[in-house]
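First comes the structure, then the notes that go with it.
Letters go in sequence order (proteins before strands), and every chain restarts at 1.
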Amino acid sequence: MDATTVLAEINGNIATVGYGLAAIGPAIGVGIVVGKTIEGVARQPELAGRLQVLMWIGIAFTEALAFIGIATYFIFV
Amino acid sequence: MTDARPEPADRTPTSNPVLRRALAWGAALAAVVLVVSAVLGLVFAGTEGLVSALIGTLMAVVFMGITAASILLANRYASSDVFVGVFFAIVLGGWLLKFIVFIVLVVVLRDAPWLNPVVLFLSLVAGVIASLVVDVLVVAKSRMPYASDVELPKAPTDD
């Protein structure tokens with residue numbers, strides 16, 4: 001067996017990589033949403049209520065992708 | 001000149017009513033999605049489909065609702081000095097915990113013999129989308145003042 005074959009060998013289900021991606025993507029998204037909210041509240045504390053609602057809707061959309069991505073475990077063999 | 005600073009009034013952020021409304025409407029629409037997916041599951045996959053549809057929709061709605069619930073919980077500490085820290089600890093900690101529980105549930109439920117994974121997945125996606133629709137509608141219809149949490153100083157009284 002030559003070196004390329006040995007290096008390229010993967011065991012297990014490739015869908016596992018997808019669950020990792022389904023976690024990374026929303027993690028970055030929620031990180032940006034929350035970080036920007038902190039920034040906004042620090043600049044204008046009187047807007048905290050509005051920003052919380054915007055943050056919540058941002059998190060909702062981002063985490064929806066995570067839920068669907070991880071739930072594909074049910075259908076991928 | 002008397003003390004012009006406002007009294008330490010109720011500092012609850014104005015986002016609370018919007019989040020409460022979203023939770024209430026989310027629960028209402030969840031009931032509709034629950035019935036529809038349960039009927040479809042029963043028709044296409046029998047009793048297994050019915051149970052799977054119920055579990056899938058409930059998982060979607062509960063996990064999507066935890067974000068709003070965690071913000072509402074965190075807002076109870078609004079008058080605390082460390083509110084920002086407590087707020088993000090509760091909201092992000094809740095988020096992390098929720099995903100750990102979700103992944104564990106998915107792993108546990110996948111090979112359950114009394115479930116139909118496809119029906120479960122489809123009803124979960126339906127529940128997630130329904131929850132998003134409710135969230136967007138509630139936010140679009142919400143009325144929030146621009147200076148939502150500002151506290152105006154009280155007018156001086158003429159003694």
*asked:* Given heavy-atom pairs under 4.5 angstrom as the criterion, report whether the side chain, backbone, both or neither of B/Val128 touches chain A.
replied: side chain
_Measuring only between side-chain heavy atoms, which start at C-beta, is A/Glu63 closer than 4.5 Å to B/Phe63?_
no
*Tell me, side chain or backbone of B/Phe99 under 4.5 Å from chain A's heavy atoms, or both, or neither?*
side chain
*Consider only side-chain heavy atoms of I, L, V, M, F, W and Y, link residues closer than 4.5 Å, and tell whether B/Leu105 and B/Leu34 are in one cluster.*
no
*So how far is it from B/Asn16 CG to A/Gln52 CD, rounded to the nearest 0.5 Å?*
7.5 Å
*Give the member of A/Thr37, A/Ile57, A/Leu54 that has the highest number of heavy-atom pairs under 4.5 Å with chain B.*
A/Ile57
*Is B/Val136 linked to B/Leu23 within one hydrophobic cluster, defined over Ile, Leu, Val, Met, Phe, Trp and Tyr using a side-chain heavy-atom separation of less than 4.5 Å?*
yes
*Is B/Phe88 atom CZ crowded by more than 12 heavy atoms from other residues, nucleotides or ligands, each under 6.0 Å away?*
yes
*Which atoms of B/Val118 approach chain A - backbone, side chain, both or neither, heavy atom under 4.5 Å*: both
_Region of B/Leu92 in contact with chain A, defined by heavy-atom distances below 4.5 Å_ = side chain
*Where is the tightest heavy-atom contact between A/Ala71 and B/Phe121, given as atom of each residue plus distance?*
O-CD1, 3.2 Å
*Among the clusters formed by ILVMFWY side chains lying less than 4.5 Å apart, do B/Val61 and B/Val39 turn up in the same one?*
no
*How close do A/Val53 and B/Ser15 get, heavy atom to heavy atom, and via which atoms?*
CG2-CB, 3.5 Å
_Between A/Ile68 and chain B, with a heavy-atom cut-off of 4.5 Å, which part of the residue counts as in contact: side chain, backbone, both or neither?_
both
*How long is the span from the CZ atom in B/Phe87 to the CD1 atom in A/Ile38, to the nearest 0.5 Å?*
9.5 Å
*Quick one: does B/Asp135's side chain get under 4.5 Å of A/Phe61's, heavy atoms only?*
no
*Rounded to the nearest 0.5 Å, what's the gap from CZ on A/Phe74 to CG on B/Leu122? Could you check?*
11.5 Å
_According to a hydrophobic-cluster definition based on side-chain heavy atoms being under 4.5 Å apart (Ile, Leu, Val, Met, Phe, Trp, Tyr only), do B/Val133 and B/Leu58 belong together?_
no
_Within the 4.5 Å heavy-atom criterion, are B/Ile71 and A/Met55 side-chain neighbours or not?_
yes
*Contact check, side chains of B/Ile103 and A/Tyr73, non-hydrogen atoms, under 4.5 Å*: no
*asked:* Please identify, among B/Val125, B/Leu124, B/Leu19, the residue contributing the most non-hydrogen atom pairs under 4.5 Å to chain A.
replied: B/Leu19
*Do A/Ile59 and B/Val84 sit in the same hydrophobic cluster, where Ile, Leu, Val, Met, Phe, Trp and Tyr count as joined when their side-chain heavy atoms come under 4.5 Å apart?*
yes
_Engaged part of A/Ala66 at the chain B interface, taking heavy atoms whose separation is under 4.5 Å_ = both
_Engaged part of B/Val91 at the chain A interface, taking heavy atoms whose separation is under 4.5 Å_ = side chain
*Select, from A/Leu51, A/Val34, A/Val41, the one with the greatest count of heavy-atom pairs under 4.5 Å involving chain B.*
A/Val34
*Give a yes or no on whether B/Arg110 atom CZ has more than 12 heavy-atom contacts from other residues, nucleotides or ligands under 6.0 Å away.*
yes
*Between A/Ala60 and B/Met64, what is the shortest heavy-atom contact and its length?*
O-CE, 3.6 Å
_Using heavy-atom distances under 4.5 Å, tell me whether A/Ile75 contacts chain B through its side chain, its backbone, both, or neither._
side chain
